[in-house]
A.B. asks: 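This structure is in structure tokens; I'll ask about it shortly.
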Amino acid sequence: MSKTFRIIQLNVRKQGAVHDSLMNDEQTRDAAVLANQEPQARRIHGRLLTTPMGHHKWTKMVPSTWREGRWAIRSMLWVNKDIEAEQVTIESPDLTAAVIWLPERLIFMASVYVEGRDASALDDACDHLRKAVAKVRRDTGAVVEVMVVGDFNRHDQLWGGDEVSLGRQGEADPIIDLMNEFALSSLLKRESMIKCAIHGTEHGSDHRAIETVFDAPWAAPKHPERLLLKNAPWKEINARIASGLAATPSGGTVQQKTDQLMTAVSEAVHALTPKAKPSPHAKRWWTVDLTQLRHIYTYWRNHARSERRAGRKVPHLEKTAQSAAKQYHDAIRKQKKKHWNEFVADNDNIWKAAKYLKSGEDAAFGKLPPLVRADGTTTTDHQEQAEELLSKFFPPLPDVIDDEGTRPQKEPVGMPAISLEEVERQPFAAKSWKAPGEDGLPAIVWKMTWPTVKHRVLDLFQASLEEGMLPRQWRHAKVRKDHMA
């Protein structure tokens, strides 16, 4: 259970390298939401291409509508996949909103970008937010707290202090009106706010990342450790399994025999197999050298900023900071390209690479052709396809089901004794790294431990056939859907 609800907000200034830097910052791993403005996003052939396109730890949300031209959207949300969230439709390419379900509260979260020196843009944004919040509160019928973060390009003494010039006073009045209307001055409960400050890491944008932390617990499930079975010490594992089985009696019911075997094998494999260390970075292509370059850039950027605040603009510090930023961003682009080239060069990745190159609903991997109904009409969307498949595969039962009565019974067919060769043939015929079942052990485990467990497995199969009983572990299966080209 995470005790805090962290939000990181940053205008990435339409730079993919800045966006990658933010998402690969180890300090953002436990954040609940990343709210970005001005992402690098283009609309090409009707598809929205963003940098990055997706992430295994975050759910990407983009505005419901896109504009034509170079920059199709100007806001995004990345929600931690351990958090339940649903996007809220707002007809604006500059606003992205979602409802986030926490154990004790509902939060309306919006990432906003408003173009500067455009009064109508601010009025439109406030109107969209007003309608969206009202609709969410009406539909949920519960207390919904509102959190709006973004780049409004407006100044006011309420948040800028006395440094805001008199000429800019009043330009943020629509924002203040919206805050008053929805009581946004406290955001969440005032006593629940822990921190609201500039994030310490620099990523190369002309904006600073803002970190906001609230005392709002949310459940973060623990992910199982990944076993490095290719590096497993099979000799030691077999010796430990043999020792464990020797210490347990071979008799008992089918279920007891299964539990004894599974306990011995699982305990030995999990105890002796090395575990994969979770990467401190979000992407596998990220390197320690990139992190070091980020630290260097942050140092020079902070040094130059400190001098500016003291009223001294030092040219060589400004130039050094700019050079460090360029070196850092260039290194990110080169490392991504290098990783991609190495990935494509591996023939085992050909289908995955094709999926990355053309992802989305228009790709062959995610496309289901229209289905023809019994009346000759065709389905038009995924919802109708799902309903048609459900009705065909699971038709409704008849209203009246007659008793079948007594049916003739045939003599049972004699079952010859099963041999060790027959049993051995099955695990070795399976693919070694095929997706495992509930025990988490793929076929390679049984192949490598077969000399130790083969007689126990044979005894288990013979007992199952003789008693007509299936152990609990054999009654369940994990089914995974694979898209075929």
Side-chain angles (χ1 to χ4, degrees), residues 8-25 28 33-79 87-98 110-116 118 121 124-125 128 149-153 203-207 209 282-283 285-286 290 325-326 328-341 343-344 352-367:
I8 307 293
Q9 178 267 326
L10 176 64
N11 183 320
V12 297
R13 204 179 62 171
K14 304 173 184 175
Q15 295 187 78
V18 174
H19 211 149
D20 281 326
S21 175
L22 174 68
M23 301 196 70
N24 288 282
D25 183 359
T28 65
V33 179
L34 302 180
N36 302 124
Q37 293 77 47
E38 292 197 280
Q40 187 181 58
R42 300 188 180 189
R43 188 174 184 177
I44 300 177
H45 301 306
R47 298 176 62 228
L48 184 66
L49 304 181
T50 62
T51 301
M53 280 293 290
H55 199 280
H56 64 285
K57 292 184 178 179
W58 301 90
T59 300
K60 183 178 77 171
M61 296 184 182
V62 298
S64 306
T65 60
W66 313 332
R67 64 168 55 85
E68 297 293 339
R70 189 177 183 185
W71 305 113
I73 62 172
R74 290 191 288 194
S75 73
M76 288 181 68
L77 282 176
W78 296 89
V79 182
Q87 184 165 357
V88 177
T89 300
I90 298 181
E91 298 300 323
S92 170
D94 298 332
L95 283 80
T96 310
S111 173
V112 183
Y113 178 83
V114 180
E115 190 172 353
D118 187 345
D124 290 343
H128 283 304
V149 297
D151 185 359
F152 286 86
N153 283 303
H203 299 286
S205 174
D206 58 351
H207 294 66
K283 292 287 189 179
W285 55 263
W286 194 266
L290 291 177
K326 184 178 186 304
Y328 174 46
H329 293 165
D330 288 345
I332 290 176
R333 298 184 187 98
K334 289 179 181 178
Q335 178 61 22
K336 286 183 68 176
K337 184 176 181 181
K338 176 185 176 184
H339 181 79
W340 173 253
N341 290 336
F343 178 81
V344 174
K352 187 177 291 186
K355 182 178 179 180
Y356 290 158
L357 286 172
K358 191 176 183 182
S359 60
E361 294 184 355
D362 58 338
F365 300 94
K367 187 175 182 180

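Nothing here was measured: the structure is a model prediction, and the numbers come from that model.
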A.B. asks: For His329 and Gly16, indicate whether the former's side chain and the latter's backbone hold a donor-acceptor pair under 3.5 Å.
C.D. replies: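 Flag not set: sc His329 to bb Gly16 has no pair under 3.5 Å.
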
A.B. asks: Hey, is the main chain of Val114 close enough, under 3.5 Å, to the side chain of Asn153 for a donor-acceptor pair?
C.D. replies: yes

A.B. asks: Between Thr96 and Ile73, is there a side-chain heavy-atom distance shorter than 4.5 Å?
C.D. replies: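 No; the side chains remain at least 4.5 Å from each other.
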
A.B. asks: Walk me through whether Gln87 and Val62 qualify under side chain to side chain contact (heavy atoms under 4.5 Å, CB included).
C.D. replies: CA-CA 9 Å; Gln87 184 165 357; Val62 298; 5.5 Å; no

A.B. asks: Just do the side chain to side chain contact (heavy atoms under 4.5 Å, CB included) check on Val149 and Val33 with the steps written out, would you?
C.D. replies: CA-CA 11 Å; Val149 297; Val33 179; over 6 Å; no

A.B. asks: Please report the interatomic distance CZ(Arg67) to OG(Ser92), rounded to the nearest 0.5 Å.
C.D. replies: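 That separation rounds to 7.0 Å.
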
A.B. asks: Would Val79 and Met61 count as a side chain to side chain contact (heavy atoms under 4.5 Å, CB included) if you check the C-alpha gap in whole Å, the side-chain angles of each, and the deciding distance to 0.1 Å?
C.D. replies: CA-CA 8 Å; Val79 182; Met61 296 184 182; 4.2 Å; yes

A.B. asks: Is Arg43 close to Trp71 at the side-chain level, that is, under 4.5 Å between some pair of heavy atoms?
C.D. replies: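 A side-chain contact is absent here, since even the closest heavy-atom pair is not under 4.5 Å.
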
A.B. asks: Shortest non-hydrogen contact from Ser21 to His203?
C.D. replies: OG-ND1, 2.7 Å

A.B. asks: Do the side chains of Gln40 and His19 get nearer than 4.5 Å, heavy atoms only?
C.D. replies: no

A.B. asks: Quick one: list whatever passes side chain to side chain donor-acceptor pair (under 3.5 Å) with Lys337, sequence neighbours left out.
C.D. replies: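 Listed in chain order: nothing, the list is empty.
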
A.B. asks: Looking at Arg13 and Glu38, does any basic side-chain N land under 4.0 Å from a carboxylate oxygen?
C.D. replies: no

A.B. asks: Between the side chains of Gln37 and Ser111, is a donor N or O closer than 3.5 angstrom to an acceptor N or O?
C.D. replies: yes

A.B. asks: Nearest heavy-atom pair of Ala72 and Leu48: which atoms, and what distance?
C.D. replies: CB-CD1, 3.7 Å

A.B. asks: Quick one: OG1 on Thr51 to CZ on Arg42, what's the gap to the nearest 0.5 Å?
C.D. replies: 8.5 Å

A.B. asks: Taking all non-hydrogen atoms of both residues, which atom of Ala209 and which atom of Leu10 are closest, and how far apart?
C.D. replies: N-CD1, 3.5 Å

A.B. asks: Sequence neighbours left out, what passes side chain to side chain donor-acceptor pair (under 3.5 Å) with Lys336? Give chain and number order.
C.D. replies: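 Checked Lys336 against side chain to side chain donor-acceptor pair (under 3.5 Å); matches are Asp20.
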
A.B. asks: Side chains of Asn24 and Ile332: closer than 4.5 Å at any heavy-atom pair?
C.D. replies: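 No, too far: nothing below the 4.5 Å cut-off.
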
A.B. asks: Regarding Arg74 and Asp151, does a basic nitrogen lie under 4.0 Å from an acidic carboxylate oxygen?
C.D. replies: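 Not counted as a salt bridge, because no side-chain N and carboxylate O are separated by less than 4.0 Å.
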
A.B. asks: For the residue pair Tyr113 and Pro63, establish whether any side-chain heavy-atom pair is separated by less than 4.5 Å.
C.D. replies: no

A.B. asks: Do His55 and Lys60 have side chains that get closer than 4.5 Å, going by heavy atoms?
C.D. replies: no

A.B. asks: Under a 4.0 Å N-O cut-off, is there an ion pair linking Lys334 with Asp330?
C.D. replies: no

A.B. asks: Using a 3.5 Å distance criterion without hydrogens, assess whether the side chain of Thr28 forms a donor-acceptor pair with backbone atoms of Leu22.
C.D. replies: yes

A.B. asks: Taking C-beta and beyond as the side chain, do Thr65 and Pro93 meet within less than 4.5 Å on heavy atoms?
C.D. replies: yes

A.B. asks: Please round to the nearest 0.5 Å and tell me the distance separating atom CH2 of Trp285 and atom NZ of Lys338.
C.D. replies: 13.0 Å

A.B. asks: With rounding to the nearest 0.5 Å, note down the distance linking CH2 in Trp78 to NZ in Lys57.
C.D. replies: 13.5 Å

A.B. asks: First locate atom NE2 of His128, then atom CD1 of Ile90, and finally report the distance between them rounded to the nearest 0.5 Å.
C.D. replies: 8.0 Å

A.B. asks: Is Leu34 close to Met23 at the side-chain level, that is, under 4.5 Å between some pair of heavy atoms?
C.D. replies: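 SC-SC contact between Met23 and Leu34 confirmed.
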
